[in-house]
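See structure below.
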Amino acid sequence: MKEISVTSSFIVYDNLKELTAEIQDLMNQAVEIRKKAYAPYSQFRVGAALLLDNGKIVVGSNQENAAYPSGLCAERVAIFYAGSVYPEAKILKMAITAASDTNKTTAPIPPCGSCRQSIAEYEIKQDTPIEIYFMGETGEVYQSASLKNLLPFMFDKKFL
């Protein structure tokens, strides 16, 4: 028997103002699209903005459905749109923000498990890490250099 230790490393910014202008813009676009989320059931709105290597920015917000499994998270809305419209483009950076309609969200909100797996698929496909920035409505912003920090034991096609 042996033990394996896995370490993740993140950069923590106190607020949006500490980010570069490029990332502030990306996060601000995530904030704006978050406001357009369709979240009548959870009242939890999420926005995501992706910077592609072709210079385009793609956004997505969560879209809920009364049949819960039929809804889609903001991160996957943005990723799947980017994959459909710009199939050859690489995702360089992703900004994610979440806010509740019922209480203040100040802790950074990371992608859910399904979104992590979807991000992993694109990170593996493009063979380039995706920088991920995530925050709540206000407060600290976490930066991950790659999805591997959030999902160190990624499942991919090599296991199939």
Side-chain angles (χ1 to χ4, degrees), residues 3-13 16 18-34 36-37 39 42 44-64 68-99 105 107-137 139-160:
E3 180 178 324
I4 297 173
S5 178
V6 178
T7 304
S8 292
S9 178
F10 298 87
I11 296 172
V12 179
Y13 300 91
L16 279 173
E18 290 189 354
L19 299 169
T20 65
E22 176 185 62
I23 302 304
Q24 282 184 42
D25 179 57
L26 197 64
M27 189 62 79
N28 286 331
Q29 290 195 47
V31 168
E32 287 307 309
I33 198 68
R34 178 190 78 205
K36 298 176 182 176
S42 71
F44 190 75
R45 299 175 187 281
V46 182
L50 311 177
L51 174 62
L52 307 180
D53 67 350
N54 63 8
K56 301 288 185 183
I57 294 178
V58 174
V59 296
S61 61
N62 57 316
Q63 302 296 310
E64 294 181 350
Y68 278 153
S70 298
L72 204 55
C73 299
E75 299 91 328
R76 287 182 284 154
V77 168
I79 289 169
F80 297 158
Y81 180 80
S84 295
V85 177
Y86 306 106
E88 302 305 318
K90 292 183 179 182
I91 301 168
L92 301 178
K93 301 172 191 308
M94 172 181 271
I96 306 163
T97 176
T105 309
I109 309 294
C112 73
S114 293
C115 288
R116 291 177 196 206
Q117 185 62 40
S118 294
I119 298 165
E121 186 73 21
Y122 281 79
E123 192 169 275
I124 292 163
K125 172 187 149 194
Q126 67 187 33
D127 195 28
T128 306
I130 298 171
E131 276 184 35
I132 302 171
Y133 297 81
F134 54 96
M135 65 179 289
E137 184 177 356
E140 292 181 332
V141 180
Y142 285 12
Q143 175 192 353
S144 175
S146 168
L147 176 39
K148 291 179 182 176
N149 281 322
L150 295 166
L151 190 63
F153 292 104
M154 292 193 292
F155 177 83
D156 66 34
K157 62 184 175 189
K158 72 181 177 220
F159 295 114
L160 299 176

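Note that the coordinates shown come from a computational prediction; the quantities given were computed from them, not determined experimentally.
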Checklist entry - Do any N or O atoms from the side chain of Asn62 and from the backbone of Ala39 form a donor-acceptor pair under 3.5 angstrom? => result no

List, one per line, each side-chain donor-acceptor pair under 3.5 Å for residues 45-60, sequence neighbours excluded.
from	atom 1	to	atom 2	distance (Å)
Arg45	NE	Asp101	OD1	2.9
Arg45	NE	Asp101	OD2	3.2
Arg45	NH1	Ala37	O	2.6
Arg45	NH2	Asp101	OD2	3.2
Asp53	OD1	Lys90	N	3.0
Asn54	OD1	Lys56	N	2.9

Checklist outcome for this item: Those residues at least two apart in sequence (or on a different chain) that pass side chain to side chain contact (heavy atoms under 4.5 Å, CB included) with Ile23 are Leu19, Thr20, Lys93, Tyr133

Next on the checklist: For a quick test of reading the model, state the closest non-hydrogen atom pair linking Pro129 to Gln126 and the distance between them.
Outcome noted: O-NE2, 4.2 Å

Checklist entry - Could you give all pairs that pass the salt bridge (charged side-chain N to carboxylate O under 4.0 Å, His left out) test and reach residues 109-127, with sequence neighbours left out? => result none

Checklist entry - With distance as the sole criterion, is a donor-acceptor pair present between the side chains of Ser61 and Gln63 under 3.5 Å? => result yes

Do any side-chain atoms of residues 70-87 form donor-acceptor pairs under 3.5 angstrom with protein atoms, and if so which ones, sequence neighbours left out?
from	atom 1	to	atom 2	distance (Å)
Ser70	OG	Ala67	O	3.4
Ser84	OG	Phe80	O	2.9

Next on the checklist: Measuring from atom CD1 of Ile33 to atom CD of Gln29, what distance do you get when rounded to the nearest 0.5 angstrom?
Outcome noted: 9.0 Å

Checklist entry - Would you say the side chain of Leu147 lies within less than 4.5 Å of the side chain of Ile132, judging by non-hydrogen atoms? => result yes

Checklist outcome for this item: When rounded to the nearest 0.5 Å, the distance separating CD of Gln24 from CD of Glu18 is 10.0 Å

Item to check | Spacing of CE belonging to Met135 relative to CD1 belonging to Ile109, to within rounding of 0.5 Å | outcome: 10.0 Å

Checklist entry - Which residues pass the side chain to side chain contact (heavy atoms under 4.5 Å, CB included) test with Tyr68, sequence neighbours left out? => result Tyr41

Next on the checklist: Run the side chain to side chain contact (heavy atoms under 4.5 Å, CB included) test against Phe10 and tell me which residues pass, sequence neighbours left out.
Outcome noted: Ser8, Phe134, Ser144, Asn149, Leu150

